[in-house]
Enquirer: 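Right, I'll just put the structure down here and ask away after.
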Amino acid sequence: MVTLAWQDSLKILKQGLSEIIGEEDLIAKLKKRDQGGPPLRVKLGLDPTAPDIHLGHTVPLRKMREFQDLGHEAYLIIGDFTGRIGDPSQKSEIRKQLTEEEVMKNAQTYQDQFSKILDPEKTHLVFNSEWFSPWAPEEFLNLASKYTVARMLERDDFARRYQEGKPISILEFFYPLLQGYDSIAIKADVELGGTDQKFNLLVGRQLQKEYGQNPQALIMTPLLEGTDGVQKMSKSLNNYIGINEDPREIYGKTMSISDDLLESYITLTTDMRGEELEKYRERIKKGEFSPLQAKKFLARRLVEMYHGQEKAQKAEEEFSRVFSGGHLPEDIPEEEVPQELKDHQGNVRLVHLISALNMVSSKSEGRRLINQGGVYVDEERIKDPNQEITPRSGMILRVGKRKFARVK
RNA sequence: GGAGGGAUGCCCGAGUGGCCAAAGGGAGCAGACUGUAAAUCUGCCGGCGCACGCCUACGAAGGUUCAAAUCCUUCUCCCUCCA
């Protein structure tokens, strides 16, 4: 392990941040470490319901990795207990508790995925039900007594809703409190999070003071915009790129992001740093790199990071062939034509076929798409929704730009 | 506890007895143009044997009416003000 002086550590850690709170505390802790103190305990909370890590998650995770590389310890908190409340971003309600099995399964998925980013040797995966489940009601009351409504309403989300006369459940107040208590439970020195977590992180810091602990420093990473380029990347908005996705998907989705997103994606999601990054920017500026090329570079890099070079190469070739070249993809899923769709001559209505193969969500949608010229048989556009076709082996069906099927 | 307001399609939001499968916007999808970019334009955007047909749908359940998202009753949930 390389031990750098705290100044150097700080410099590295401060890269690519959006905000840091309690920098003096961080410095003090780093100094202590230099003098032979224990490694810092760095906390990052995870949602137990969405175990699919996407690029948005990787931003703080990669920062975590930097801590690890500097010799510190990662604490990933699975909020299986807090998950019952749900972060107050929208409508809140007590969610049904995940079964132990589900939680374990999600945790396993997390483990598989974060090991692509973090150093497993220095990673602790903990569940917050571990300390909350045994709690007696008095302990919750005690925790609640540490905070006031006025301070809660400082959270802009609450403030806004209060202003607009939208409901805020008391339950929601518990979310930041519990998340904050996690910091106490693990004696966090630093907590990582996106900028949208600022309030929650601050509560943790304040609670630690209440409980006589050294307050954690807060390190906030910028939020990554989703593929739509408007809202932050999230699974529920379906604008995400998951690191576990098929390499071709990752490549393709990356190619479809807006050009404006290039800069933030490069800096926030890739391991490009320092000189290399500068060079890359330079090339774009000078026009040596067209936005298209720059994006291909990014796409390839991302696939490489999570699936290796070989897959990246393949994904790129596939992309070029299908979209730049206008050819068919390499492997098109083979589908059986259901017997019951065929009439006595063996013919099938096209709408029924694509519907049966789940290429459209309903027959009505299928009709619409056909009417609009979005359905092809052997690359020939069919415009009559009642068209009958005679399926034969190897026939290629295509719906829109990306849905393909080959008749078995 | 009292008074008043509200719940509409994925989201926001109009609609107060027939012309409402429900305006408008957003999201989404398809097509054109492209670099699977952005912008733009066009179309679609509940389901079904879709050609004018049928079914399901405006918080829930009943009712009035030839006809209800629209009127009445009860219920559920939410908001505001007063206490």
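To find a chain, count down the sequence lines: A is the first, B the second, and so on, and within it residues start at 1.
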Enquirer: On the side chain of A:Gln372, is there an atom forming a donor-acceptor pair with the base of B:rG43 - under 3.5 Å, no angle test?
Expert: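 Answer is yes: a donor-acceptor pair is held.
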Enquirer: Just how far, in rounded Å, is P of B:rA27 from NZ of A:Lys232?
Expert: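 The answer, rounded to whole Å, is 20 Å.
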Enquirer: Determine the contact category for A:Gly252: base if any of its heavy atoms lies under 4.0 Å from a base atom, sugar-phosphate if only primed atoms, P, OP1 or OP2 are that close, otherwise nothing.
Expert: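 It contacts base atoms.
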Enquirer: Can you tell me, in whole Å, how much space there is between the P of B:rA57 and that of B:rG9?
Expert: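 My reading of the P atoms in B:rA57 and B:rG9 gives 13 Å.
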Enquirer: Figure out the CG/P separation between A:Asn386 and B:rC48, and round it to whole Å.
Expert: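 Value for this atom pair: 14 Å.
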Enquirer: Is any side-chain N or O of A:Asp259 under 3.5 Å from a base N or O of B:rG35, one able to act as donor and the other as acceptor?
Expert: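 Indeed, a donor on one side and an acceptor on the other fall under 3.5 Å apart.
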Enquirer: So which nucleotide does B:rA38 pair with, by the Watson-Crick or G-U wobble rule with both distances under 3.5 Å?
Expert: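 Pairing partner: none.
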Enquirer: So, A:Lys29 and A:Asp25, do they make that salt bridge, N to O below 4.0 Å?
Expert: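 No, A:Lys29 and A:Asp25 are not salt-bridged.
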Enquirer: When the distance from CD1 of A:Ile266 to C1' of B:rA37 is rounded to whole Å, what number comes out?
Expert: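 Between C1' of B:rA37 and CD1 of A:Ile266: 15 Å.
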Enquirer: Could you check whether A:Ser290 gets within reach of a base, just the sugar-phosphate, or nothing at all, counting any heavy atom under 4.0 Å?
Expert: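 Contact class for A:Ser290: none.
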Enquirer: What's A:Ser364 touching, base or sugar-phosphate or nothing? Going by heavy atoms closer than 4.0 Å.
Expert: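 A:Ser364: base contact, heavy atoms under 4.0 Å.
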Enquirer: For A:Leu262, which contact category applies under a 4.0 Å heavy-atom criterion: base, sugar-phosphate, or nothing?
Expert: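 No contact at all - A:Leu262 keeps every heavy atom at 4.0 Å or more from the nucleic acid.
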Enquirer: A:Arg402 has an atom CZ; how far is it from atom C1' of B:rC29, in whole Å?
Expert: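 Rounded to whole Å, this separation is 11 Å.
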Enquirer: With a 4.0 Å cut-off on heavy atoms, is A:Lys295 in touch with a base, just the backbone sugar-phosphate, or nothing at all?
Expert: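 Base, at least one base heavy atom under 4.0 Å.
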Enquirer: What is the base-pairing partner of B:rA3, counting Watson-Crick and G-U wobble geometry with both distances under 3.5 Å?
Expert: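 Check on B:rA3: paired to B:rU80, both distances under 3.5 Å.
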Enquirer: Just to be sure I understand the rule, does A:Asn371 reach a base, reach only the sugar-phosphate, or reach nothing, if contact means heavy atoms closer than 4.0 Å?
Expert: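 Nothing: the residue A:Asn371, judged by heavy atoms under 4.0 Å, touches no strand.
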Enquirer: Tell me which one of A:Lys295, A:Arg283, A:Glu282, A:Arg281 satisfies side chain to side chain contact (heavy atoms under 4.5 Å, CB included) with A:Phe289.
Expert: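 The option that passes is A:Arg283.
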Enquirer: In whole Å, what is the span from the CD atom of A:Gln293 to the C1' atom of B:rG35?
Expert: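 Result: 11 Å.
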Enquirer: If you measure from the Lys or Arg side-chain nitrogens to the Asp or Glu carboxylate oxygens, is any gap between A:Glu276 and A:Arg301 under 4.0 Å?
Expert: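 Counted as a salt bridge, because a side-chain N and a carboxylate O are separated by less than 4.0 Å.
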Enquirer: A:Arg321 has an atom CZ; how far is it from atom P of B:rU36, in whole Å?
Expert: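 These atoms are roughly 15 Å apart.
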Enquirer: So, taking the atom named OH in A:Tyr306 and the one named CD in A:Glu245, what distance separates them when rounded to the nearest 0.5 Å?
Expert: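 If I round to the nearest 0.5 Å, the distance is 12.5 Å.
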Enquirer: How is A:Arg349 classified with respect to the nucleic acid when contacts are heavy atoms under 4.0 Å: base, sugar-phosphate, or nothing?
Expert: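 Counting heavy atoms under 4.0 Å across all strands, the contact made by A:Arg349 is with sugar-phosphate only.
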Enquirer: Could you tell me how far apart A:Lys363 (NZ) and B:rC50 (P) are, to the nearest whole angstrom?
Expert: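 Value for this atom pair: 9 Å.
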Enquirer: Write down the distance between CZ (A:Phe404) and P (B:rU36), rounded to a whole number of angstrom.
Expert: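 The distance from CZ of A:Phe404 to P of B:rU36 comes to 13 Å, rounded to the nearest Å.
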Enquirer: What contact category does A:Tyr251 fall into here, base, sugar-phosphate, or nothing, at under 4.0 angstrom with non-hydrogen atoms?
Expert: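 Counting heavy atoms under 4.0 Å across all strands, no contact is made by A:Tyr251.
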Enquirer: A:Pro176 and side chain to side chain contact (heavy atoms under 4.5 Å, CB included): which single residue from A:Arg155, A:Arg151, A:Gln206, A:Gln197 fits?
Expert: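 That would be A:Arg155; it is the only one of A:Arg155, A:Arg151, A:Gln206, A:Gln197 passing the side chain to side chain contact (heavy atoms under 4.5 Å, CB included) with A:Pro176.
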Enquirer: Taking atom C1' in both B:rA14 and B:rA21, what distance in whole Å separates the two?
Expert: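 Comparing C1' positions in B:rA14 and B:rA21 gives a spacing of 15 Å.
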Enquirer: Ring-plane angle category for A:Phe132 and A:Phe81, please: parallel below 30°, perpendicular beyond 60°, tilted otherwise.
Expert: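 Correct class here is tilted.
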